[in-house]
Amino acid sequence: MRSQRKCDIAAGAFIALLGAVVIIAASQIRGDVEERLPPRTLPYVVGFTTLAGGLGLAVKSYRFHGEDPEVQWPKKDGWVRIGVNLLLLALFTALMDPLGMPITTGLYVAGAIWYMDRKRILAALLTGAGSALVVYYLFIRFLELTFPLGPLGQ
């Protein structure tokens, strides 16, 4: 019988493994000593955060002693939401080089929020624009990471 607890333990273990793979891959990134922030810094942060989150989920689920609820699998509309979000991620990846990271991030965030709650188009647009600004100023200007800029780089 599938239960939420067993699924959470398995998902936590998988997420922790994914974090470990990211850390191993990040350790292979070489950078110049003269750089202000080495190129492997962000992948390390993401890897360690993912590893810690996965371990936390697995341990919390393993130590859970309450009633073990059954897994509620998504109905048709849930599968459609998952499919649309995967499509949005694929578009995000495909458009990153031609449009640049800030613009693509803004479009992705706005599109995903609008799809989830179509009544809040203004909130979706403002959140997307804010996300684009954060990506541009934090990652590209402040941290000086080399993400594609698209039309902003010309």
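Note that the numbering runs from 1 along the sequence shown for the chain.
Looking only at side-chain heavy atoms (C-beta outward), Phe92 and Leu107 stay at 4.5 Å or farther from each other. Here the side chains of Ile23 and Leu51 are in contact, with some heavy-atom distance below 4.5 Å. Using a 4.5 Å heavy-atom threshold, the side chains of Tyr108 and Leu91 count as separate. Residues Arg40 and Gln28 are not in side-chain contact: their nearest non-hydrogen atoms beyond the backbone lie 4.5 Å or more apart. Using a 4.5 Å heavy-atom cutoff, the side chains of Tyr62 and Asp8 are not in contact.
The closest donor-acceptor contact from the side chain of Thr104 to the backbone of Leu95 lies under 3.5 Å. Checking side-chain atoms of Thr49 against main-chain N and O of Val46 turns up no donor-acceptor pair under 3.5 Å.
Linking ILVMFWY residues whenever their side-chain heavy atoms come closer than 4.5 Å, directly or via other members, places Val109 and Tyr137 in the same cluster. Under a hydrophobic-cluster definition in which Ile, Leu, Val, Met, Phe, Trp and Tyr are linked whenever side-chain heavy atoms come within less than 4.5 Å, directly or via other members, Ile15 and Val22 are assigned to different clusters. By the criterion of side-chain heavy atoms lying less than 4.5 angstrom apart, applied directly or through intervening Ile, Leu, Val, Met, Phe, Trp or Tyr residues, Leu89 is grouped together with Met96 in one hydrophobic cluster. Cluster membership check: Leu18 does not share its hydrophobic cluster with Ile29, using side-chain heavy-atom separations under 4.5 Å among Ile, Leu, Val, Met, Phe, Trp and Tyr. Using a 4.5 Å cut-off between side-chain heavy atoms of Ile, Leu, Val, Met, Phe, Trp and Tyr, with links allowed through other members, Val59 and Leu17 fall into different hydrophobic clusters.
Across all non-hydrogen atoms, the minimal contact from Pro102 to Ile140 is CG-CD1, 3.7 Å.
The distance from the OG1 atom of Thr50 to the CG atom of Leu55 is 11.0 Å, given to the nearest 0.5 Å. Here the CD1-CG distance, from Ile113 to Leu125, works out to 9.5 Å after rounding to the nearest 0.5 Å.
By the side-chain hydrogen bond (donor to acceptor under 3.5 Å, both in side chains) test, Asp117 is found to be paired with Arg120, residues two or more places apart in sequence or in another chain being considered.
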